[in-house]
**Student:** 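First the structure, which I've put down as structure tokens, then a few questions once you've had a look.
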Protein chains: 2
Amino acid sequence: MTLLLLVRWPHRDRTARITLTRPLPITLDRSSPIPLYFQVAQQIEALIDRGELPPGSRLDNEILLADQTGLSRPTMRQAIQHLVDKGLLVRKRGVGTQVVHGVVKRPVELSSLYDDLSRSNQRPGTKVLAVETGPCDDTIAAALRLAPGTEVVHLRRLRFAQGEPLAIMQNWLPTDLTELTAERLEERGLYELLRGVGVHMRVANQLIGARAATLAEGRLLNERRGAPLLTMTRTTYDDNGRAVEHGSHVYRPALYSFEIALVER
Amino acid sequence: MTLLLLVRWPHRDRTARITLTRPLPITLDRSSPIPLYFQVAQQIEALIDRGELPPGSRLDNEILLADQTGLSRPTMRQAIQHLVDKGLLVRKRGVGTQVVHGVVKRPVELSSLYDDLSRSNQRPGTKVLAVETGPCDDTIAAALRLAPGTEVVHLRRLRFAQGEPLAIMQNWLPTDLTELTAERLEERGLYELLRGVGVHMRVANQLIGARAATLAEGRLLNERRGAPLLTMTRTTYDDNGRAVEHGSHVYRPALYSFEIALVER
DNA sequence: TAGTGGTCTAGACCACATG
DNA sequence: ATGTGGTCTAGACCACTAA
């Protein structure tokens, strides 16, 4: 019977439905400041990570899950939607919710605006090449939504990972955010410093491309002139919608790449 | 007074609060199959596009907006959250909701899994270099979650934009999805063909990098050997969580780059 | 202190997929 | 016909921000 179906609708999922015999072991702490939906999402994610919810396995439906945990349906729904947005679950109306296949590697958080390299292998090193304040040119002014010629801070840093040069990072920021010194920048990432002074970064637009290394870039990165480099320019906005940072970075592609999860909503 | 504040908390938004004098002109069609929250989101987005809600302007609070439109607060909230997820709005508890600064360019839809190049300038052309069926190697098998040696379809295409070669695209797909022919692939994108036979793509993981062109790639792309190329490998999953496509593409960086919006949730 | 968004509840009706 | 997720309502309480 099943085989016949596969022949007639060959694009159907051919893996057997894996259904848990027991309800999900979710425990809630209603006195915690962590939202209930988030507690649920974290625990389901942990189950997926530990393989207790293998790829392709089906979750119970929303209403049943809500009953089992003692939550309302909208709250349980919010938890599940959170994991759908992260690319861990897939749902289809009339069918149900499944763990997505192919979770070898946790997709990089779309939501994280952390300094790109703080998650780089082991101790990332930083050498600050320049910290200067001066009038910005028209390009930077346009990116930061400032009047041309406004004073901005200009950073130029060289990043290392495991002793190897990894990236040249240039950034421009409004002068009034915080006092940036080479010492601080060599022990903490730029984003970490900004968060530490109360800047809440919310939205960023990134443009990722490639180009050949200049001679100067090659010297800094141990590459020859003309070697391919991965480039990223980015403007970041805070929770007031104000531009707080513009960056122009180049990476050695053998040591760094961008991993992105896309989700259809 | 305002100036004093700016001196004491200099990282605050220095733009004057722009508040609309009139309620948002939202009209609803309750008989439409389009969800109400989506109708609202579309109309607010249109207002932003037309400049009637300029960058930095503040929206009324959720409850007021819900009253004005005759919707419940959760529904209005869903509409606003939709635009926050798209990077158009920014909200802060205790403060309100604003249009984000810097909307020169509509960020590319994170949600869209459309064929990368169908949005490329004007008439994109395609030359199909190969359409073959055969056993896959271990790399492809792992990417598509198939047993090694399973038969798969292998595509190799050259993309043009305005007559210029733009990208070499290789893709591998399970054989049971649809019948792919060179003719079909030259008039429609791969994703469009897949959607046309009922495949609903939901999640994709992309890895973006760079490397030097090989001699063969250079010949196809009008580049010299060693020229920098932008690379993207991707695996796409459907609404059953099944891998439906794996791609490995190289792009000429002068003609193509990736634009991405990141949103902190 | 007042105003905002963040979270949560307990229902309801509907569209869609499946058998 | 049944079961699923998608949408919607009308409230409620809380945490955070700003004045």
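Keep in mind it's a predicted model, so treat the numbers as computed, not measured. Just so it is clear, the values below take in all heavy atoms, side chains as well, and ignore hydrogens, waters and symmetry mates.
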**Student:** Atom CG of B/Asp239 to atom P of C/dC16: distance rounded to whole Å?
**Tutor:**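 Interatomic distance, CG of B/Asp239 to P of C/dC16: 14 Å.
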**Student:** Using the rule side-chain contact (heavy atoms from CB on, under 4.5 Å), only one of B/Leu59, B/Val90, B/Leu88 pairs with B/Leu83; which is it?
**Tutor:**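 Passing option: B/Leu88.
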**Student:** With hydrogens left out and only the distance checked, is there a donor-acceptor pair under 3.5 Å joining B/Arg73's side chain and the base of C/dG6?
**Tutor:**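 Side chain to base: pair present.
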**Student:** Do the side-chain N or O atoms of B/Tyr37 get closer than 4.0 angstrom to the phosphate oxygens (OP1, OP2) of D/dC8?
**Tutor:**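 Indeed not, no polar side-chain atom of B/Tyr37 lies that close.
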**Student:** So does B/Glu45 pair up with B/Arg50, basic N to acidic O under 4.0 Å?
**Tutor:**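 Here B/Glu45 does not pair with B/Arg50 in a salt bridge, since their nearest N and O are not under 4.0 Å apart.
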**Student:** Taking CD from B/Gln98 and P from D/dT17, how many angstroms apart are they, rounded to a whole number?
**Tutor:**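 Whole-Å distance recorded here is 15 Å.
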**Student:** Determine whether the side chains of B/Glu245 and B/Tyr191 contain a donor N or O and an acceptor N or O closer than 3.5 Å.
**Tutor:**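 Result is yes, a qualifying pair exists.
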**Student:** At less than 4.0 Å, is any side-chain N or O atom of A/Arg77 found next to OP1 or OP2 of D/dG6? Yes or no.
**Tutor:**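 Yes.
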**Student:** Quiz question: by atom type and distance under 3.5 Å, do the side chains of A/Gln68 and A/Asp60 form a donor-acceptor pair?
**Tutor:**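 Result is yes, a qualifying pair exists.
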**Student:** Atom CG of B/Asp238 and atom P of C/dA17: how far apart are they, to the nearest Å?
**Tutor:**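 After rounding, the gap between these two atoms is 13 Å.
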**Student:** Give one of base, sugar-phosphate or nothing for B/Ile63, where a contact means two heavy atoms less than 4.0 Å apart.
**Tutor:**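 Contact class for B/Ile63: none.
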**Student:** May I ask you to decide if the ring planes of B/Phe38 and B/His82 are parallel, tilted or perpendicular, using 30° and 60° as cut-offs?
**Tutor:**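 It falls in the perpendicular class, over 60°.
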**Student:** Is there a side-chain contact between A/Asn61 and the phosphate of D/dG3, meaning an N or O under 4.0 Å from OP1 or OP2?
**Tutor:**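 Looking at the OP1 and OP2 atoms of D/dG3, neither is under 4.0 Å from any side-chain N or O of A/Asn61.
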**Student:** Whole angstrom is fine here: how far is it from CG in B/Leu36 over to P in C/dC13?
**Tutor:**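 Distance check: B/Leu36 CG to C/dC13 P gives 17 Å.
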**Student:** From CE of A/Met76 over to P of D/dG6, roughly how many Å is that when rounded to an integer?
**Tutor:**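 Interatomic distance, CE of A/Met76 to P of D/dG6: 15 Å.
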**Student:** Using the closest heavy atom to pick a nucleotide of DNA chain C for each, name whichever of A/Ile34 or B/Glu62 lands nearer the 5' end.
**Tutor:**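 By nearest-heavy-atom nucleotide position, the 5'-most residue is B/Glu62.
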**Student:** Which nucleotide in the list D/dT17, C/dG6, D/dC8 gets nearest to the side chain of B/Arg93?
**Tutor:**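 The nucleotide sitting nearest to the side chain is C/dG6.
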**Student:** Give the rounded distance in Å between these two atoms: CD of B/Gln78 and P of D/dG6.
**Tutor:**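 After rounding, the gap between these two atoms is 10 Å.
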**Student:** Return the value, rounded to whole Å, for the distance between atom CD of A/Gln39 and atom P of C/dT7.
**Tutor:**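 The answer, rounded to whole Å, is 12 Å.
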**Student:** Rounding to an integer number of Å, can you tell me how far B/Asp67 CG sits from C/dT4 P?
**Tutor:**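 Roughly 12 Å, once rounded to whole Å.
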**Student:** If you assign each of B/Leu71 and A/His200 to its closest nucleotide in DNA chain D, which residue comes earlier from the 5' end?
**Tutor:**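 Its nearest nucleotide lies further toward 5', so the answer is B/Leu71.
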**Student:** Given that B/Gly94 and A/Pro35 both sit by DNA chain C, which one's nearest nucleotide is further toward the 5' end?
**Tutor:**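 Final value for this comparison: B/Gly94.
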**Student:** Are any of A/Thr97's side-chain N or O atoms less than 4.0 Å away from OP1 or OP2 of D/dG5?
**Tutor:**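 Affirmative; the distance criterion is met.
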**Student:** Examine D/dT7: is either OP1 or OP2 under 4.0 Å from a nitrogen or oxygen in the side chain of B/Thr75? Give yes or no.
**Tutor:**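 B/Thr75 to D/dT7 OP1/OP2: no side-chain N or O under 4.0 Å.
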**Student:** Measuring from the side chain of B/Arg91 (C-beta onward, heavy atoms only), which nucleotide among C/dG5, D/dA10, C/dT9 has the closest atom?
**Tutor:**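 Nearest listed nucleotide: C/dG5.
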